[in-house]
Amino acid sequence: MKYLLVVVGMFFAGMVAAQSKYESAMGRGLEQLKAAKTAEDMSTASAFFERVADAEKDKWLPYYYAAYANHMTGWMNLKADKDKVSEKTKDLIGKAEAIEQNNSELYCLRQMAAIQQMTVDPMTRYQSYGAEARAALDKAIKADPNNPRIYYLNGQTLMNTPEAFGGGKAVAKKLFEKSVGLYKTFQPASPFHPNWGKEEAEQLLAACQ
Amino acid sequence: MKQVATLLSLLLLAGWASAQVKITGTVKDNRGRILAGASVAVKGSYDGGVTDSTGHFSFKTFEKGAQTLVASNVGYKPVETAVTIGTEVIDLPFALREEISELKAVTVTAGSFEAGDKKRAATVLSSLDVVTTGGANADISAVVKTLPGAQQVGEQEGLFVRGGAGYETKQFIDGTLVNNPYFSSVPDLATRGRFSPFLFKGTVFSTGGYSALYGQALSSALILESIDIPERSEAQLSVSPIFLGAALQKIAKDKQSSWGVRYDHTNLVAYFAIVNQKPDYFQVPQIHASDANFRIRTKKGGMIKYYTTFTTNRLGLRRPNIDDPTLKNAFGLKNTNWYQNLSWRESLGKGWKMNLAASYSTDHTDFNNQIQNQNNQPVSTGQVWIDSTNVAAKTTADLSQFRAVFDKRLSGISVIRFGGEYMYFYNNGVYNNRIGLLRDHFKSLFSEADLYITNDLAAKLGVRFEHSSLIGKAEIAPRLSLAYKTGNGGQMSLAYGVFYQKPENSYLYATTNFGYTKATHYIINYLKNTTLQTFRVEAFYKKYENLVKTYPAYNNDGSGYAKGIELYWRDKKTIKGLDYWISYSYLDTKRDYLNYPGQLQPNFAANHTASLVMKRFVNSINTGFNFTYSFATGRPYYNFVKNGSKYDIADQGKTISYNNLGFSLNYLMSMGKAYAVWVASVTNVLNQNQVFGYNYSHDGSRKESISTPSPRFYFIGLFLSWGVDRRQDAINNNL
């Protein structure tokens, strides 16, 4: 009996350890992400999250961050092949979506990947990748209209779109205002859920004034 | 208790021994090429690493005992290796095999210029390219002429490709043949294409060796794919001294369907009053064009598309008669054309896809040529070679067709495709009271397989069967092409194909006792494509057989050849903001056809042709500047004179070389609630003399050069659009 108790006890202890192992890994990963200064740091962080995700199998957040960090390498490394980077980003988003369906944050990432690919050759790619980006944000809104990142991302895109094509600061400003407003009350579902973009939105709003 | 103690001590021991173990190695592909950024992990743990630029990885792990290492990289099949982790450093090489994917697989490119963003390569020709090519005035064919393989022929419409006449190039919209892609012919003038570039999302210009899905074109196929549902609802207004137009495009709220209508009126009265024209236009060109469309996305993601256009145009012009300068030739033309196309593509599940299309077009042309005196009154000279050029003619050309193509995906991304088409051609002509009637039930069956052996090697095998009831003959045309990736974005392609085409109606009216004309293509091509740059070199040999002869008898005794080499370079990278392409074609061709006395270089073929196209959009001033320079060496011209039982070359020569600098400017702005685009363009900026050939008098004593009706063509226009912009709807509703 005693023996059994010990075994059961160890089993529970093991579970708690596994839980905290995931949490501590996520914590470490987010630290890495925050501290990343170069594209290489970002890819290391991305690979770390991917390993966590592959090992956990049922958690979408590590895939989310793996995709996010991978996406960032496409901007940080000026020589990056943005198509290749985005192909990997989308692959990781796909894995996250297989676990967590219809998630606003994942649709936002899809928009970011599409915009990254559009910037390779905006004049020609505007029609295809621009549409892909818009479709992703439409889905993001349907999934959660109170996600502040939707309006931040849309504002950022429109700010860089010529006025003649419906962009410009005036249009973008409204979106940043909405985003900043939402950030004031936004609470992530857990310490590991996406919670970035507030400062960026505030900065871009200031730039639109 | 004893057992627990043992267990605890064991655990402690394990902890003690769990100093990290280093795992290192390399990741390469199955051909030994380094893979940077590949990841290696201990399966089920968080431990792992990423390969650096030399393909090496190195990481430490606490995991012990029998474990699995996984190496993975996007686009490659992951590889797992069992290892036993002890205390020693583990060093392992991994070799990953590429997955065959549509994005990575080689495409067969011999002979064709593919546009669109399907392969993410630097696109060759998009609708935006068409409207921003200097001097092309948004005419698809004019832009295609800046690509290698096409001749700078300015005295008649059509694409003259690799030693082929204009009628050897056919145009297809969503798979169906277009019977009258250009406005009706006028002697010594090139007319525009009927279709706006904005109707199409992709253009494939094939200069040879094209797919078994298409036939009845000896030289070339221009394959146009219409757009699906547009992005936004909008109203458009086009204003210019030459034309006025209005259009409406409406997209349903759910974005699953759309419809649109358009009307344009072109009238050159004002333009001709300002810009002097060499011919005397007694009927200034006028065009009424209208079109309508609807597009529906089906529940399963397929598309149903309908497009129709109705056009009428008329013109009349007088030019001096070459046999007697005191007389004039008055040429008048009236044309109506109705075209419609309905297509349906759908996925049928289990790897099956279906493409159905039907189209109907009817074209009516009235034209006449009258010999007139200086007072513009009809005269009879009594000289038969002058009087016989008095013509009154009426033609009707109808084409009804049905086409079905089925795709079945085989293993991987290989596809087998097969289908058939039925076309009914009805041609009725009255030429000076002589009546001709041609009816052709034309059937074809085709099958084609795209086989991907690896990502680096692909083959396209096809065969096409064609039968024409009019000439009562059938032929089988094989097609084959191969493509092999040579690395670093480069690839080699080979293509071979046999192409048949029935003789043109003008000869079939004389007799239907003809066989098919035939061309055999051999093409080798090297293409290097990176995101913003394309380099392409292609060499070809084309053998012509059974070409139409009209003298000494109407038969298929003609023959010929064409060979050459072509270069293309497009670069959007080197100079920021500048997009340019250079094309060069060398052509060596001779043919014996029609009344040619032997094998001669045809009068539509120049030996060297080159184009430089440059485009720059300056964001700070919202203005695009576009330049196109085209050059071609002189083309031969001949005067054949009948001498007893044969034709002799009474005179021959070469024209001066052809030079043309075209310029256009686009300025974008907003006017009230409208987006506005100002377009200004001019052809032949440098006013260079352009001679396309010569017309001879009956006795050969006089010859006159054929040139454009005025040295330059100017255009200025304002295109306004009021968008009911649905793109931001979802977001704006939440603001």
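Just so we're on the same page: letters track the sequence lines, and every chain starts at 1. Everything numeric here is computed off the predicted structure, so don't read it as measured data.
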**OP:** Measure distances from Asp47(B) to the heavy atoms of chain A and classify the residue's part below 4.5 Å as side chain, backbone, both or neither.
**Re:** backbone

**OP:** May I ask you to name which of Ser39(B), Ser72(B), Gly49(B), Ala41(B) has the most heavy-atom pairs under 4.5 Å with chain A?
**Re:** Gly49(B)

Subject >> Proximal component of Asp91(A), with respect to chain B [non-hydrogen, under 4.5 Å] >> reply: side chain

**OP:** Anything under 30° is parallel, anything over 60° is perpendicular, the rest tilted; go ahead and classify Phe57(B) against Phe94(B).
**Re:** tilted

Original post:
Side chains of Phe719(B) and Asn666(B): closer than 4.5 Å at any heavy-atom pair?
Top reply: no

Subject >> Which portion of Phe49(A) sits near chain B, non-hydrogen atoms under 4.5 angstrom >> reply: neither

**OP:** Indicate yes or no: at least one non-hydrogen side-chain atom of Leu96(B) is less than 4.5 angstrom from one of Val27(B).
**Re:** yes

Original post:
Between Tyr152(A) and Phe176(A), what is the ring plane arrangement, given parallel below 30°, perpendicular above 60°, and tilted in between?
Top reply: tilted

